[in-house]
There are 2 protein chains.
Amino acid sequence: MSSDRMTRPQAPRPASMLDVARLAGVSGQTVSRVTNGSEAVAADTRERVLAAMRTLGYRPNSAARALKSGRFQSIGVLMFSLENFGPVHVLEGVSNAATARDYSLDLVTIGDPSTGEITKALERLDQERVDGIVIVLEAHQILEHAIRFPTRIPSILVDSQQYDDRVSVNADQAQGAELAVRHLLELGHPTVWHVSGPVHRMNAASDRQLAWRRLLEAEGRPVPPPVLGDWSAESGYRAGLRLARDPSVTAVFAANDQMALGLMRALHECGRRVPDEVSVVGFDDSPDAAYYWPPLTTVREDFRAVGALAIELLLEAIDGERHEPGLRALPNTLIVRDSTAPYR
Amino acid sequence: MSSDRMTRPQAPRPASMLDVARLAGVSGQTVSRVTNGSEAVAADTRERVLAAMRTLGYRPNSAARALKSGRFQSIGVLMFSLENFGPVHVLEGVSNAATARDYSLDLVTIGDPSTGEITKALERLDQERVDGIVIVLEAHQILEHAIRFPTRIPSILVDSQQYDDRVSVNADQAQGAELAVRHLLELGHPTVWHVSGPVHRMNAASDRQLAWRRLLEAEGRPVPPPVLGDWSAESGYRAGLRLARDPSVTAVFAANDQMALGLMRALHECGRRVPDEVSVVGFDDSPDAAYYWPPLTTVREDFRAVGALAIELLLEAIDGERHEPGLRALPNTLIVRDSTAPYR
DNA sequence: CCATTCGATGTTTACGTAAACAGTTCGCGT
DNA sequence: ACGCGAACTGTTTACGTAAACATCGAATGG
C-alpha cells in the first residue's frame with residue numbers, strides 16, 4: 001500500500017467545474033447550469049457535460065457553493081446529553097425531516113452543562129456554517145445560564161415553555177399529564193399520587209406537575225404531596241420506597257417511564273402488587289415500556305412530529321418568514337397496558 | 001413586522017475580514033494572522049484588530065476558509081436508527097471526542113435501510129463537506145447492500161467485524177460474552193442458555209453467540225439450542241415464553257439488556273423466579289438495567305471509548321497516516337447485580 | 001427581407017480567506 | 001555611517017462556484 005502511495009500521482013486534486021467544462025468543451029457556467037438542474041441547456045450539451053462529470057468523478061465543492069450563495073444547506077442542533085430517551089427521539093425526528101428537505105445536520109452535544117460550554121457551543125454553531133439552529137434545551141437551563149440566543153441566524157427551541165419573543169415546539173405536557181391522571185381517576189381511584197421530574201421554574205417536569213395538581217383540584221380530590229425525582233430510574237426507585245409504605249397510595253403518575261420503572265421495582269420489593277394494589281402510569285412510551293413488569297401504561301409523545309415541526313418552522317424562518325412567537329404544543333396519546341387496574 | 005423589514009437596511013451583510021482590516025487600518029492579511037492566532041503580530045496592532053472585530057461583530061466565514069484550505073474541520077457520521085441504546089452512545093462518544101478536537105459533526109441517519117438510502121447517504125457525505133466519515137453499521141448490512149465505501153476521504157467503521165482492507169473499532173464482543181457465560185458457570189450452573197440477537201453472517205449477535213458456544217464447548221458443557229431474537233424486548237419476551245416451559249433452564253445469557261428485560265417479564269408471567277430459579281445476564285448495561293426487576297447483571301460496554309478511539313484513528317488518517325487494517329476491540333466489564341444467583 | 005425575440009451558451013466578476021511573496025522599519029555590530 | 005537580519009506588515013493571487021450580463025444564431029412575424 002505504500003507502493004500505492006508512491007506510484008500514485010500525489011492525490012490528483014479533485015476535478016473542478018472548469019475541468020469538466022474543458023473536457024466537455026463548454027464553459028463553466030454551462031456545467032453549473034447542468035449541476036443545478038435548472039435553466040435550458042440543450043439535451044445533447046447536457047449529455048456531454050454529464051458524461052464528462054462521470055469520467056472525472058466530479059463533485060460540486062460545497063464550500064465554494066456556500067461561499068458564493070451564502071447558504072449552507074445545513075441545520076445546527078444543540079443538545080444536552082443523549083442520555084434520555086426523549087431528546088434522542090426528537091433528534092431522530094429532526095434528522096429525518098432535515099434529510100427530507102435536503103439539509104444536513106450539524107450536531108453539537110454538551111457534555112458538561114455549564115454556562116461556558118453552552119455559550120461556546122452556540123458560538124460554534126453561530127460561526128455561520130449553518131443556516132439555522134434547533135436548540136433542544138429546557139427553559140431553566142437557558143435561564144440559569146443566561147444563554148444568549150444567536151442573532152445572526154434563525155433558531156428554534158424544542159421546549160415546552162412559552163417564550164415572549166421566540167418560537168418553541170414540544171409535546172403538550174399539560175394535555176399529556178391530564179390523560180394520565182384522568183385515566184386513573186376514571187378507574188375509580190380516590191386520588192393520584194405523583195412522582196415528579198426535577199422541577200425548575202419552567203420545564204416539562206413543572207408543567208406535568210402543575211397539570212396533575214390542577215386536574216385533581218378541579219375534580220375536588222385531595223392533592224397528596226408530590227415526590228421529587230430527577231428523571232432517573234434510581235430516583236423513581238427512591239420515591240417508590242417512600243410511597244410503598246403508605247397503604248393509601250393506590251394510583252401513581254410518574255413523570256416519565258424511567259422513574260415509573262424504578263417505582264415499580266420498589267413496589268415489587270416492598271411486596272405491593274402492581275396493578276392489583278397500586279396502579280402506575282408513566283410518560284414518554286419508551287421502547288421498553290411495553291416490556292416492563294408489568295407492561296406500563298403510559299403517555300406516548302410524538303417526538304418525531306416535534307422534530308419535524310421544528311424543522312419545518314425553522315426552514316420557513318430561514319426563508320425569511322416571520323412567525324408569531326409562542327409555543328406550538330403537540331397532543332399526546334394514552335397507551336393503556338397492564339400497570340393500571342380499577343380501584344377495588 | 002413587515003415595516004421592520006422595510007425600514008431595516010437590508011440585513012447589512014456580515015463583516016468580512018477586509019471590513020475589519022479597513023476599520024483597524026491594517027491589511028487583510030494581518031487580520032487573518034490575528035484570527036489564526038499564529039505569527040508575530042505586534043501587540044498593539046493585535047489589540048486594534050481585536051477591537052475592530054468586536055465592534056463589527058466579525059466572524060470568520062467558514063465557507064471561505066474551507067474553500068481556501070480544502071479542510072472542513074468536520075466529521076460525517078452515518079448511522080442507522082437511533083432506536084438502540086448502543087449506537088446512540090457511540091454517537092455520544094464520537095461527538096464528545098470530535099468536539100474536543102475542534103471538529104464538528106455532520107450527522108446522517110438512515111430511516112429505511114435500503115441500498116438506495118445508504119448509498120445516497122454516503123454520497124451526501126462524500127460530497128466533500130466533511131474531512132472523514134465514521135460509519136456505524138453492522139457488517140451484514142454493508143454486505144447485503146453491497147455498500148461502496150467513500151474513496152475520496154478516509155472513513156472508519158464502528159463494527160465488531162474484521163475487515164481485510166479497513167480499520168474498524170468496537171467493543172470486544174467475544175470477551176464480553178465470555179465474561180457473562182463464565183460468571184454463570186462459576187455460579188455453578190450446569191450450562192447456560194442463550195437468547196441471541198439477529199444473527200447474520202457477521203455481526204455482534206453472531207460474535208456473541210459464537211463466543212458463548214465456544215466457551216461452553218471448552219468447558220465440556222452441553223450446548224443448548226440458542227433462541228433467536230432481534231434485539232427488541234418483545235423478542236426477548238417471546239424467547240422467554242419458550243424457555244420458561246423448560247425446567248432445566250437455570251441460567252440464560254441474553255445478547256442485550258432489552259431482550260433480557262423481555263425475557264424476565266416472560267419468566268415472571270410464567271411464575272419462574274429470577275434469580276432463585278433462573279439466573280439472567282444481559283449485555284450493554286443500559287441506564288435502566290440497574291432498575292429492572294430484578295436489577296440486571298450485565299456486561300458494560302465502554303461506548304464512549306469506542307467513539308473516542310474511532311475519532312482518534314480517523315483524525316490520524318485525515319492527517320495522512322496509514323493504519324494497519326483490522327479490528328480494534330475494546331474490553332468490557334461485568335456488572336454483577338441481583339439477576340444472577342448460585343445454582344441450587 | 002429585415003427587425004425582433006428567444007433559446008442556448010460564453011465572459012466577467014465577486015464571494016472571504018490564507019498562502020506565497022514582497023516590502024518596510026528598526027536595532028545592532030562593525 | 002553602513003550593511004544586515006529580524007520583526008512586522010502589505011500585495012497579489014487562487015480556491016470553485018453562480019449571478020449578472022453579454023453574445024450569437026436561428027426562428028418568427030410583419
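Every chain is numbered from 1, with letters handed out A, B, ... down the list of sequences. Quantities reported herein were computed from a predicted structural model and do not represent experimental measurements.
Relative to the side chain of A42(B), the nucleotides dT9(C), dT9(D), dT17(C) differ in distance, and dT9(D) lies closest. The nucleotide whose nearest atom lies closest to any side-chain atom of M17(A) is, among dA18(D), dG10(C), dT9(D), dA18(D). Comparing dG16(D), dA18(D), dA20(C) by their nearest atom to the side chain of Q29(B) picks out dA20(C). Proximity note for A64(B) (side chain, C-beta onward) versus dA19(C), dA20(D), dG16(C): the nearest is dG16(C). Which of dT9(D), dT17(D), dT9(C) sits closest to the side chain of V41(A) comes down to dT9(C). Here the nucleotide nearest the side chain of Y58(A), chosen from dT17(D), dT17(C), dG10(D), is dT17(D). Of the candidate nucleotides dG10(C), dT17(D), dA18(C), dG10(C) has the atom nearest to the side chain of S27(A). Comparing dG16(D), dT17(D), dT17(C) by their nearest atom to the side chain of K68(B) picks out dT17(C).
By the side chain to side chain contact (heavy atoms under 4.5 Å, CB included) test, T119(B) pairs with T115(B), E123(B), sequence neighbours left out. Taking the side-chain hydrogen bond (donor to acceptor under 3.5 Å, both in side chains) definition, one finds that D165(A) meets it with nothing, sequence neighbours left out. Every residue meeting the side-chain hydrogen bond (donor to acceptor under 3.5 Å, both in side chains) condition with S160(A), not counting sequence neighbours, appears here in chain and number order: N170(A), Q173(A). Every side chain to side chain contact (heavy atoms under 4.5 Å, CB included) that R22(B) has, sequence neighbours left out, goes to L18(B), D19(B).
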Exercise. Would you sort out whether S155(A) and R166(A) count as a side chain to side chain donor-acceptor pair (under 3.5 Å), showing the intermediate values?
Key: CA-CA 9 Å; S155(A) 58; R166(A) 327 207 90 250; 3.0 Å; yes
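If you measure from atom CG of L18(B) to atom P of dA14(C), you get 13 Å, rounded to the nearest angstrom. For the pair R59(B) CZ and dT17(C) P, the interatomic distance rounds to 12 Å; values are reported in whole Å. At whole-Å resolution of the value, CD in E47(A) and P in dA8(C) are 15 Å apart. Residue R71(B) contributes atom CZ, which lies 15 Å from atom C1' of dA19(C) at whole-angstrom precision. We find that CG of L67(A) is positioned 18 Å from P of dT13(C), with the value rounded to whole Å. Put simply, CZ on R22(A) is 15 Å from C1' on dG10(C), counting in whole angstrom units. In this entry the distance linking CZ of F72(B) with P of dT17(C) reads 16 Å, nearest Å.
Evaluation of atom-type donor-acceptor distances gives a pair under 3.5 Å for the side chain of R33(A) against the base of dG10(C).
Backbone-only contact: V26(A) has heavy atoms under 4.0 Å from sugar-phosphate atoms and none from a base. Nucleic acid contact for T45(B): sugar-phosphate only, since backbone atoms but no base atoms lie under 4.0 Å from a heavy atom of the residue.
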For residues 305-319 of chain B, tabulate all N or O donor-acceptor pairs below 3.5 Å that involve a side-chain atom, not counting sequence neighbours.
from	atom 1	to	atom 2	distance (Å)
E316(B)	OE1	H323(B)	NE2	2.7
D319(B)	OD1	R71(B)	NH2	3.3

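Considering only side-chain N and O atoms, S69(A) lies nowhere under 4.0 angstrom from the phosphate OP1 or OP2 of dA19(D). The side chain of R65(B) contributes an N or O atom lying less than 4.0 Å from OP1 or OP2 of dA18(C). For the pair T30(A) and dG10(C), the criterion of a side-chain N or O lying under 4.0 Å from OP1 or OP2 is met. Within the 4.0 Å cut-off from OP1 or OP2 of dC15(C), not a single side-chain nitrogen or oxygen of N61(B) is found.
A salt bridge links R304(A) with E83(B): the distance from a Lys NZ or Arg NE/NH1/NH2 to an Asp or Glu carboxylate oxygen falls below 4.0 Å.
Side-chain atoms of T45(B) never come within 3.5 Å of backbone atoms of V41(B) as a donor-acceptor pair (strictly under, hydrogens ignored).
End-to-end axis angle of the helix from dC1(C)-dG30(D) to dT30(C)-dA1(D), from C1' rotation axes over five pairs per end: 50° (rounded to 10 degrees).
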